[in-house]
There are 2 protein chains.
Amino acid sequence: MSQAPRTQRADARRNREQLLDKADAAFRRHGVRASLAEIARSCNIAIGTLYRHFPTREALLEALLRDRIESLRNHAERLAGSPEPLEALIEWLREFGQCSSAYQGLPESVVATAGDEESDLHAGVMSMHAAAGALLTQAQRSGAVRPDVSRAEVLALACGAATASQYGTADPDRLLRLVVEGIRTPAGAAGADG
Amino acid sequence: MSQAPRTQRADARRNREQLLDKADAAFRRHGVRASLAEIARSCNIAIGTLYRHFPTREALLEALLRDRIESLRNHAERLAGSPEPLEALIEWLREFGQCSSAYQGLPESVVATAGDEESDLHAGVMSMHAAAGALLTQAQRSGAVRPDVSRAEVLALACGAATASQYGTADPDRLLRLVVEGIRTPAGAAGADG
DNA sequence: TTACTATAGTGAGCAGTCCTCATGTTCCGG
DNA sequence: CCGGAACATGAGGACTGCTCACTATAGTAA
């Protein structure tokens, strides 16, 4: 029973926060394969402590991503019902792209992790996708976006554009706008096809 | 001067071929970080021999890529002057996407390597880009593609679409077609803007 | 065939990484 | 101040990438 301290000890919480902070920086700089020992070192924390907080690299990534994914879902829900569905979709895809390309190798990692239904990320990713799907459907109902593109296709294109923009010198916003041109309803099409 | 054997020894050439063959398979299965020791083992060749032929992982990748890159350049040059410039561009971008996404992590690797002007790949990649640029220009002159998209943007989009199609369930050809929709001249635009 | 040697092959070993766990330390409620 | 649960520690085992001193062989010439 007991009144045992329900909450984390103060030093542990401090360490956890610091680890997340430095891990984010390291993943941004070196991609998802950044050295965990280096992250621990940059916090003046022993490697064992890092593993106590985050038993695996994926756990650390999950912790970093959980907030962002929830934030993306909330953002999508906030944009639902916008009077300008296409602009809303673009705005959301821009943020989605930024998150997707924050760490090199992240999409592969997320797909591998979130595909596992046991994963903590699975549910979050699923509901984020659902919220994004609502945004897309809305833009399609408004007539701005072609009805024959799927949620998976739009997410893949936005993610691909954001990731690819890092390979070279292309501007991510510009690539996203080009992608959006591709999924818009062509000028002069009114619904029925030929 | 001397009559010393100018050419590679027969056993060395055999080993080299076998290494390239198995390395291609390993990179396809596990991405560009596949275990080199495993590749050597699958050839019944000592790890030192692999490193004798290919001093670094990048050298091995370069050897695998050189042919493909030259093939892409030749393909682009063959398609130059096609009576259907847009179809030609699409056909080439499809092959480009397939090559780009053959190994997981390849685009990052190629960009890092080819960006170095000392690299053996640099010149090949540059001339391939030039040939692709000609294809794009041709499609733009024909009026099929918007004049305001750059070569780098088109390559980035094609590469991104091909790569992203592997993250999920999206069909790479379908994504490429959507990308092409985005760079086409909008229906009902005749040059001057508003 | 044999002797010779440049070329090629070998794999133990170093260095770096991931992760574990037995041990030492610290916070916090009483 | 004490007890002990929670926490931190870092040496060490297992693995991987890569090196290099040594061995073996292909190909040449006598």
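Note: hydrogens, waters and symmetry copies are ignored here, and every other heavy atom, side chains too, is used. Letters go in sequence order (proteins before strands), and every chain restarts at 1.
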Short side-chain to backbone donor-acceptor contact, A/Ser71 and A/Asp67, under 3.5 Å: no
Test item: B/Arg57 side-chain N/O and B/Val32 main-chain N/O as donor-acceptor pair under 3.5 Å: yes
Rounded to whole Å, the CG-C1' distance (B/Leu50 to C/dG11) equals 14 Å
Mind running salt bridge (Lys or Arg N to Asp or Glu O under 4.0 Å) on B/Asp173 and B/Arg177 for me, showing each step along the way? CA-CA 6 Å; B/Asp173 273 13; B/Arg177 251 176 294 137; 5.5 Å; no
Could you list the protein-to-nucleotides 23-25 of chain D atom pairs, N/O on both sides, closer than 3.5 Å?
unit_1 : atom_1 : unit_2 : atom_2 : d
D/dT25 : O2     : B/Arg9 : NH1    : 3.0

Residues A/Arg16 and A/Asp21 bridged, charged N to O under 4.0 Å: no
Among D/dC7, C/dT10, C/dA8, the one nearest any side-chain atom of B/Arg52 is C/dA8
Whether B/Trp92 side chain and B/Ala132 backbone form a donor-acceptor pair below 3.5 Å: no
Could you give the CD-to-P distance, from B/Gln18 to C/dG9, as a whole number of Å? 11 Å
Would you mind writing out the side-chain donor-acceptor pairs for residues 41-53 of chain B within the sub-3.5 Å range, not counting sequence neighbours?
unit_1  : atom_1 : unit_2  : atom_2 : d
B/Arg41 : NH1    : B/Glu38 : OE1    : 2.8
B/Ser42 : OG     : B/Ile39 : O      : 2.7

Taking side chain to side chain donor-acceptor pair (under 3.5 Å) as the test, write out the residues that go with B/His75, two or more places apart. B/Glu91, B/Glu95
Output the rounded distance in Å from CZ (A/Arg13) to C1' (D/dA6). 13 Å
In numerical order, the residues of residues 105-112 of chain B whose heavy atoms come under 4.0 Å of DNA chain C are none
Compare side-chain N and O positions of B/Asn15 against OP1 and OP2 of C/dG9 and report whether any pair is under 4.0 Å apart. yes
Residues A/Glu77 and A/Arg73 bridged, charged N to O under 4.0 Å: yes
Do side-chain atoms of B/Ser109 reach the backbone of B/Gly105 as a donor and acceptor pair under 3.5 angstrom? no
In residues 134-143 of chain B, what donor-acceptor pairs under 3.5 Å come from side-chain atoms, sequence neighbours left out?
unit_1   : atom_1 : unit_2   : atom_2 : d
B/Thr137 : OG1    : B/Gly133 : O      : 2.9
B/Gln138 : OE1    : B/Gly81  : N      : 3.3
B/Gln140 : NE2    : B/Arg146 : O      : 2.9
B/Gln140 : NE2    : B/Val149 : O      : 3.0
B/Ser142 : OG     : B/Ala139 : O      : 2.8
B/Ser142 : OG     : B/Ala144 : N      : 3.3

Under a 4.0 Å heavy-atom criterion, the protein footprint on nucleotides 12-19 of chain D, written with B, S and -, is -----SBB
Which is it for A/Ser119 and A/Glu62 under the side-chain contact (heavy atoms from CB on, under 4.5 Å) test, yes or no, and what are the steps along the way? CA-CA 9 Å; A/Ser119 157; A/Glu62 274 181 33; 3.6 Å; yes
Side-chain N or O of A/His53 versus OP1/OP2 of D/dC7: is the shortest distance under 4.0 Å? no
Under 4.0 Å between a side-chain N or O of B/Thr49 and OP1 or OP2 of C/dA8? no
